[in-house]
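What follows is a set of notes on a single structure, which appears directly below.
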Amino acid sequence: MSERERGRRQSTAAPGPSGGPTPVLEARGLSKSYGHVEAMVDADFDLLPGEVLAVVGDNGAGKSTLIKALSGAVAPDRGEIRLDGERVSFRSPIEARARGIETVYQDLAVAPALDIASNLFLGREIRRSGVLGSVFRMVDAAAMRAEAQHQLDALGVRIPDVRQPVESLSGGQRQSVAVARAAAFGTRLVIMDEPTAALGVRESGMVLDLIRRISARGLPVVLISHNMPQVFDIADRIHVHRLGRRAAVLNPRDHTMNDVVAVMTGAADPESLGGGTPAAREPR
Amino acid sequence: MTTTATDPPTTPPAPADSARREALGRALRTPVLGPLAALVVAVVIFSVTTDTFATAGNASLVLQQSIVIGTLALGQTLIILTAGIDLANGAIAVLGTLVMAKHVVGGGDPLTALLLGVVATVVLGTVSGVLVTRLGLPPFIVTLGMLTVTFALARLYAESRSYPVGDQLLRFWGQGTTVAGVRLTWGTFLLIGIFAVFWYALSRTAWGRHVYAVGNAPEAARLTGIKTRRTILSVYVAAGALYGLAAWQALGRIPNADPNAYQTANLDSITAVVIGGTSLFGGRGSVVGTLIGTLIVGVLRSGLTQAGIDNLYQDVATGILVIVAVSLDQASRRRAAR
């Protein structure tokens with residue numbers, strides 16, 4: 001659990017966005033409409049260095065649109081996104097990934113028939129050096145296996161053989177491979193969209209441990225989750241999304257699950273809870 | 001990222017027997033072993049039951065008879081790996097033979113004829129690929145349409161007659177050499193060569209991995225940044241080029257371009273692919289399997305003929321083999337999904 005404490009220390013050392021460190025990822029006034037449906041209305045977002053930020057919200061609150069905008073899957077109609085203070089606009093998830101933003105999806109993340117090493121390097125294969133690589137386009141399977149094994153070991157994922165096809169793994173191990181891939185290539189941050197939704201309790205615990213280890217490396221994590229105990233277990237801050245915008249950012253140490261649910265459903269005013277970061281109240 | 005917070009628990013070194021068990025598990029998952037065993041069994045049975053099967057001459061004949069279907073089946077394998085199917089490959093190759101032969105018969109240059117033929121097959125393969133990737137149409141429907149169109153085009157172009165070919169260049173793959181009394185055609189070497197090239201491309205290059213990924217999990221492949229449509233299109237273009245080679249080989253085998261030839265070649269190539277253990281659902285299989293599958297069909301035909309069994313029973317045997325192969329694939333995919 002020392003990693004956990006470490007993660008905490010990092011985030012407590014980081015004060016709020018006003019006057020604090022530059023957020024790793026920051027969004028202001030994001031809006032997106034699909035016809036008459038406004039999925040995102042002036043939404044703000046801040047991810048601080050080294051933190052685990054949970055994003056919660058009721059179904060239809062627009063959190064998936066927000067996440068898609070941040071990961072490049074959706075282009076917002078209005079608003080701006082800054083990565084380490086620099087204005088960015090992603091036309092595809094591939095562009096976001098090129099800037100070091102990795103996303104782990106709930107499912108669809110891996111090709112089951114391919115082996116673990118191939119999956120880790122899918123779309124980013126290492127080629128052999130020299131003529132074999134440049135002329136004959138030969139991939140360096142040994143290097144990819146070694147590096148895959150190294151990445152999994154570093155994250156404490158126990159898999160006997162990276163040459164195993166992913167389909168021979170349990171659900172939790174499969175998701176661990178997807179998370180390890182994100183951790184290996186995510187240089188700025190990792191976004192995880194409900195990574196444990198399809199998993200059992202023990203397997204979820206495995207993935208949560210992974211998130212802790214990634215965060216302990218100093219890589220910030222955005223975790224979208226419906227599971228409140230999980231959110232309170234792992235998050236440094238909780239971004240509550242409601243009616244297409246950020247309603248509040250709550251600190252799990254100062255608030256209860258009931259508070260979060262109350263803000264999510266609109267039963268409580270975030271101001272009255274003393275919630276909301278300076279950024280959330282910032283006048284525009 | 002210099003250190004991690006805790007020393008991660010390192011993987012315990014696998015004991016020897018578990019390593020052996022894993023190796024065995026990998027071997028059992030290797031899909032070519034089943035087809036290879038079937039091929040060996042067929043060869044042994046026919047060698048024992050007939051006097052004429054296990055001769056060098058017959059082996060040479062089986063190889064020669066397998067060359068055109070084998071080349072078509074190689075293109076078919078690429079497409080099936082992306083979860084597609086090509087019903088038009090035989091018709092495309094036939095059109096290729098007609099383009100080549102008619103040009104030469106009309107007094108044209110054989111090399112130009114060859115190039116024109118290959119261009120025609122590549123264009124037709126590309127048309128299928130564009131329809132599949134740009135319009136998102138199912139490969140089955142696209143290539144069914146292409147089959148009908150190409151067959152009609154071939155007859156129109158040929159003016160419903162056939163074109164005998166005397167030119168040595170166009171007949172090249174039917175010639176060969178004799179090694180220890182066995183006649184080996186250049187086409188046999190070409191077949192082995194192109195299978196080796198595509199074995200390499202599929203198993204040792206990033207492109208090959210992308211082909212498998214696109215067939216196995218298209219959405220996951222797209223999300224990892226693979227240009228899935230371009231990968232699929234490249235497969236149809238490569239298949240078109242292979243059909244051009246198949247056309248050239250067909251003229252070497254039978255030096256006569258006939259618009260009514262090879263009418264069941266599309267289904268025969270699918271049979272070879274499926275018997276070779278490649279999954280019709282995409283993402284699983286290998287060109288080595290297809291080569292073995294092609295040989296199994298060739299051996300069955302030859303062996304059953306020499307055992308004096310009616311041609312129709314050969315079709316019965318091949319059909320049963322297809323159903324067995326697909327059931328095995330289903331069973332292994334279901335086991336994998338658990």
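Every chain is numbered from 1, with letters handed out A, B, ... down the list of sequences.
Within the model, atoms OG1 of Thr224(B) and CD of Glu102(A) stand 10.0 Å from one another, a figure rounded to the nearest 0.5 Å.
In this structure Asp329(B) satisfies the side chain to side chain donor-acceptor pair (under 3.5 Å) test together with Ser279(B), sequence neighbours excluded. Residues satisfying the side-chain contact (heavy atoms from CB on, under 4.5 Å) test with His226(A), not counting sequence neighbours, are Asn59(A), Lys63(A), Glu194(A).
Closest approach of Pro112(A) and Ala217(B) over heavy atoms only: CD-CB, 4.0 Å.
Counted within 6.0 Å of NZ on Lys68(A), heavy atoms from surrounding residues, nucleotides or ligands total 12 or fewer; the atom is thus considered open.
Per-residue counts of heavy-atom pairs under 4.5 Å with chain B were compared for Leu114(A), Asn119(A), Thr103(A), Asp140(A); the largest is that of Leu114(A). Per-residue heavy-atom pair counts under 4.5 Å with chain A were compared for Trp207(B), Tyr200(B), Tyr212(B), and the maximum is reached by Tyr200(B).
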Checklist entry - Should Leu122(A) and His210(B) be marked as a side-chain contact (heavy atoms from CB on, under 4.5 Å) after you check the CA-CA gap, both sets of side-chain angles, and the distance that decides it? => result CA-CA 7 Å; Leu122(A) 196 55; His210(B) 297 174; 4.3 Å; yes

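Applying a 4.5 Å heavy-atom cutoff, the residues of residues 90-98 of chain A that approach chain B are Ile94(A), Arg97(A).
No side-chain donor-acceptor contact under 3.5 Å links Tyr105(A) to the backbone of Leu223(B).
With a 4.5 Å cut-off on non-hydrogen atoms, Phe136(A) touches chain B through its backbone and its side chain both.
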Side chains of residues 285-296 of chain B: which donor-acceptor partners sit under 3.5 Å, not counting sequence neighbours?
residue   : atom : partner   : partner atom : Å
Ser286(B) : OG   : Gly289(B) : N            : 3.1
Thr290(B) : OG1  : Thr77(B)  : OG1          : 2.7
Thr290(B) : OG1  : Ser286(B) : O            : 3.4
Thr294(B) : OG1  : Thr290(B) : O            : 2.7

